[in-house]
Chemist: 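Handing you a structure now.
Throughout, protein chains are lettered first and strands after them, A, B, ... in sequence-line order, and every chain is numbered starting at 1.
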2 protein chains.
Amino acid sequence: MSGGELKLVEAEEPEEHDYLLQEQVGFILRKAHQRHVSIFAAHIGDLTPPQFAALAKLRDVGETSQNQLGTLIAMDAATVKGVIDRLKARGLVELSKHEVDKRRLLVNLTAEGRDAIERLIPLAREITRETLAPLSAKEIATFTKLLAKLA
Amino acid sequence: MSGGELKLVEAEEPEEHDYLLQEQVGFILRKAHQRHVSIFAAHIGDLTPPQFAALAKLRDVGETSQNQLGTLIAMDAATVKGVIDRLKARGLVELSKHEVDKRRLLVNLTAEGRDAIERLIPLAREITRETLAPLSAKEIATFTKLLAKLA
DNA sequence: TTGATATCATTTGCATACGAATGAATTTCC
DNA sequence: GGAAATTCATTCGTATGCAAATGATATCAA
């Protein structure tokens with residue numbers, strides 16, 4: 001009977017597993033993110049992706065509260081504080097108190113910060129290009145659309 | 001002349017930017033990863049994704065050196081050390097010295113670690129399912145294939 | 001065989017990332 | 001108006017993640 005034979009074959013490969021880490025989205029997502037960060041670092045060595053995100057968003061929206069900025073770039077309050085502290089220490093952003101709502105800490109680009117982000121944006125375009133380089137133009141469109149659905 | 005009118009319209013929207021952070025792969029990749037980690041934590045609260053990855057891979061390959069394990073789960077030597085230290089402190093893995101090559105530190109699951117990973121794998125399946133829930137079956141196949149190309 | 005290289009692991013330093021606790025200020029609602 | 005709930009920000013603790021330096025061991029090659 002084939003049932004008996006199958007059992008014999010299985011006994012010869014007891015290490016067969018039905019759960020493969022390499023196939024789980026979470027694991028691949030983590031690796032893809034790692035690769036992107038590595039590409040980023042190769043092009044922009046003196047700024048991290050979160051720091052760049054903060055500057056780029058401030059360029060978009062102008063002065064905002066630290067918390068609001070955090071929401072816009074998907075960082076919780078504790079994380080965004082550290083990022084802004086470091087940008088402030090480097091003179092790329094400046095902080096001020098909100099006149100009306102005394103809880104709020106306003107963040108804005110300095111002249112130097114504005115120069116920096118304008119200078120870095122072409123490099124950021126290249127980083128995006130290089131990150132997506134393994135895909136064709138059509139695949140890029142598909143991938144970006146699906147990824148956005150998951151984010 | 002329409003050229004003049006266009007200039008006027010542009011002058012009314014001086015904040016127009018040609019670089020949008022929300023559209024960059026790196027930024028969306030980071031958000032998608034964040035969402036996955038959040039889903040993971042909701043299902044498996046007492047283990048992080050990297051810790052789970054280490055256990056799952058040890059289940060796959062059996063005893064290996066710490067460095068080799070790091071390669072298999074995409075972690076550098078410094079990071080994997082911290083992960084293994086914590087798993088060892090919780091009794092889920094055990095360490096031993098390689099008999100021949102004295103540089104190597106062998107890592108293996110304990111009985112408790114094996115029980116834990118077997119128990120967690122069904123939850124991990126559900127985590128993968130929930131992470132991909134915004135996509136249809138066909139989209140999942142496409143997305144996974146493209147994501148793997150980027151990782 | 002020995003000197004140069006390479007590999008394995010550890011440590012240090014820095015930068016996210018987030019939960020939880022805290023305090024200050026504001027808003028809501030009765 | 002005032003208590004309760006909410007919002008903004010900070011701090012603490014824990015856990016990745018990686019570069020760089022270091023030390024121990026192993027391998028390679030002249």
Side-chain angles (χ1 to χ4, degrees), chain A residues 26-27 29-42 44-55 63-90 92 95-107, chain B residues 26-27 29-42 44-55 63-90 92 95-107:
Chain A
F27 184 73
L29 218 39
R30 175 169 148 270
K31 288 213 299 176
H33 182 247
Q34 278 178 356
R35 172 169 167 273
H36 165 75
V37 171
S38 167
I39 292 171
F40 188 101
I44 301 181
D46 66 338
L47 221 55
T48 65
Q51 289 167 1
F52 175 86
L55 296 183
E63 189 175 59
T64 16
S65 73
Q66 191 175 267
N67 242 24
Q68 173 64 15
L69 180 61
T71 300
L72 294 171
I73 58 181
M75 281 179 218
D76 76 356
T79 302
V80 80
K81 186 194 189 311
V83 173
I84 294 303
D85 279 355
R86 272 162 233 123
L87 291 175
K88 173 179 155 60
R90 295 178 52 176
L92 299 176
L95 307 179
S96 57
K97 292 174 187 168
H98 192 290
E99 290 295 321
V100 179
D101 188 338
K102 295 178 187 172
R103 294 170 305 179
R104 295 189 203 175
L105 184 65
L106 296 175
V107 190
Chain B
F27 184 72
L29 219 40
R30 177 169 146 272
K31 288 214 297 176
H33 183 247
Q34 279 178 357
R35 172 169 167 275
H36 166 75
V37 172
S38 167
I39 292 172
F40 188 101
I44 302 181
D46 65 337
L47 221 56
T48 65
Q51 289 167 1
F52 175 85
L55 296 183
E63 189 175 59
T64 15
S65 74
Q66 191 176 266
N67 241 24
Q68 174 64 13
L69 179 61
T71 300
L72 294 172
I73 58 181
M75 282 178 217
D76 75 356
T79 301
V80 80
K81 186 194 188 314
V83 173
I84 294 302
D85 279 355
R86 274 162 232 124
L87 291 175
K88 173 179 155 59
R90 294 178 51 176
L92 299 177
L95 307 179
S96 57
K97 292 175 185 167
H98 192 292
E99 291 294 321
V100 179
D101 188 339
K102 294 179 188 171
R103 293 170 305 177
R104 295 189 204 176
L105 184 64
L106 296 175
V107 189

Chemist: On DNA chain C, which is the earliest and which the latest nucleotide, 5' to 3', with an atom closer than 4.0 Å to a heavy atom of chain B?
Modeler: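 Span of nucleotides near chain B: C:dT7 to C:dC18.
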Chemist: Pick the closest DNA chain C nucleotide for A:R86 and for B:S38 by heavy atoms, then say which residue is nearer the 5' end.
Modeler: A:R86
Chemist: What is the separation between atom CZ on B:F52 and atom P on D:dA15, rounded to the nearest whole Å?
Modeler: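 The answer, rounded to whole Å, is 18 Å.
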Chemist: N/O contacts under 3.5 Å, protein versus nucleotides 7-11 of chain D?
Modeler:
| from | atom 1 | to | atom 2 | distance (Å) |
| --- | --- | --- | --- | --- |
| D:dT7 | O2 | A:R103 | NH1 | 2.7 |
| D:dA9 | OP1 | A:L105 | N | 2.3 |
| D:dA9 | OP1 | A:L105 | O | 3.2 |
| D:dA9 | OP2 | A:N67 | N | 2.5 |
| D:dT10 | OP2 | A:Q66 | NE2 | 2.6 |

Chemist: Could A:D85 and A:K88 be called an ion pair, given the rule that one side-chain N must be under 4.0 Å from one carboxylate O?
Modeler: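 The answer is no: the pair does not qualify as a salt bridge.
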Chemist: Are B:D46 and B:R90 packed together at the side-chain level, in the sense that at least one heavy-atom pair is separated by less than 4.5 angstrom?
Modeler: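 The answer is yes; the side chains approach within 4.5 Å.
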Chemist: Mind calculating the distance between NE2 (A:H33) and C1' (D:dC18) to the nearest angstrom?
Modeler: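 Result: 13 Å.
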Chemist: Does some side-chain heavy atom of B:R103 sit less than 4.5 Å from a side-chain heavy atom of B:S65?
Modeler: no
Chemist: How are the rings of B:F52 and B:F40 set relative to one another: parallel (under 30°), tilted (30 to 60°) or perpendicular (over 60°)?
Modeler: perpendicular
Chemist: By the 4.0 Å heavy-atom rule, please label A:T48 as base, sugar-phosphate, or nothing.
Modeler: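 A:T48: backbone/sugar contact only, no base atoms under 4.0 Å.
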Chemist: D:dT14 C1' sits how many Å from B:Q51 CD, rounded?
Modeler: 10 Å
Chemist: Side chains of A:L106 and A:T64: closer than 4.5 Å at any heavy-atom pair?
Modeler: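 Side chain of A:L106 against side chain of A:T64, heavy atoms only: no contact under 4.5 Å found.
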Chemist: Which is true for B:V83 with a 4.0 Å heavy-atom rule: it touches a base, it touches only sugar-phosphate, or it touches nothing?
Modeler: sugar-phosphate
Chemist: Quick one: does A:R30's side chain get under 4.5 Å of B:P49's, heavy atoms only?
Modeler: no
Chemist: Please tell me if the side chains of A:K81 and A:I84 come closer than 4.5 Å, counting only heavy atoms from C-beta onward.
Modeler: no
Chemist: Determine whether A:Q66 and A:V83 make a side-chain contact, defined as any pair of heavy atoms from C-beta on separated by less than 4.5 Å.
Modeler: no
Chemist: Report yes if the side chains of A:R86 and A:Q51 come closer than 4.5 Å at any heavy-atom pair, otherwise no.
Modeler: yes
Chemist: Applying a 4.0 Å non-hydrogen cut-off, can you work out what B:V100 is touching in the nucleic acid: base, sugar-phosphate, or nothing?
Modeler: sugar-phosphate
Chemist: Taking the nucleotide of DNA chain D with the nearest heavy atom to each, does B:K102 or B:P50 sit closer to the 5' end?
Modeler: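 Result of the comparison: B:P50.
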